[in-house]
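All heavy atoms count here, side chains included; hydrogens, waters and symmetry mates do not.
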Amino acid sequence: MEIGKIIAIGLVGTIFAVLLKRENPQLAMLLAAVTGILIFGIICVPLGRLIGLLRETAETAGVGDGYFAVVLKVIGIAYLTQFGAQLCADAGEGTVAAKIELAGKILMMTAAAPVLIGLLELVMGLV
């Protein structure tokens, strides 16, 4: 079961990072980053299954591949942005974390722009 592995890796990583923080803060931060990457690796397989299920559901509902791809892209950007920003915040770099969050928001708007333009064109066609 994935959640058991995730909790175990998280707890072990946290305990070692806390113990290392006094002696070697850089190594503790690296250990925390590796722990996060390991957890991310574990969730990749279930995430792939979820994306497959959502893709099938979108096809059944008649949602175009273009719209579905945009939604997945935006969700991916959001999660990766949060992951990167949290790593920076944990390292005490709140300013860098804020810049990553701003960049993520801009990239999400950029990825969603084709859908927004299509919606505006549809509305303008009704007027």
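With rounding to the nearest 0.5 angstrom, the CG atom of Leu11 is 6.0 Å from the CD1 atom of Ile15. Within the model, atoms SG of Cys88 and CD of Glu101 stand 9.5 Å from one another, a figure rounded to the nearest 0.5 Å. To the nearest 0.5 Å, the span separating NZ on Lys5 from CD1 on Ile42 amounts to 6.5 Å. Here the straight-line distance linking atom CG of Leu126 with atom CE of Met124 works out to 10.0 Å at 0.5 Å rounding.
The nearest pair of heavy atoms linking Ala97 to Ala89 is CB-N, 4.0 Å. Closest of all the heavy-atom pairs between Ala28 and Ala17 is CB-O, 3.4 Å. Between Ala91 and Met29, the shortest heavy-atom distance links the atoms CB-SD, 3.1 Å.
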Given Leu27 and Leu30, is the side chain to side chain contact (heavy atoms under 4.5 Å, CB included) satisfied, shown in steps? CA-CA 5 Å; Leu27 189 58; Leu30 181 62; 4.3 Å; yes

Test log, rule side chain to side chain contact (heavy atoms under 4.5 Å, CB included), inputs Thr14 and Thr35: CA-CA 8 Å; Thr14 299; Thr35 301; 5.9 Å; no

Taking only distance into account, with no hydrogens and no angle test, what donor-acceptor pairs under 3.5 Å do side-chain atoms of residues 102-123 form with protein atoms, sequence neighbours excluded?
from   : atom 1 : to     : atom 2 : distance (Å)
Thr110 : OG1    : Ile106 : O      : 2.9

Only pairs under 3.5 Å count here: list side-chain donor-acceptor contacts from residues 70-87, not counting sequence neighbours, and write none if there are none.
from  : atom 1 : to    : atom 2 : distance (Å)
Thr81 : OG1    : Ile77 : O      : 2.6
Gln86 : NE2    : Asp90 : OD1    : 2.9

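Follow the hydrophobic side-chain contacts under 4.5 Å out from Val18 and you never reach Leu31; the two are in separate clusters. Leu47 and Ile37 are members of different hydrophobic clusters when ILVMFWY side chains are connected at heavy-atom separations under 4.5 Å.
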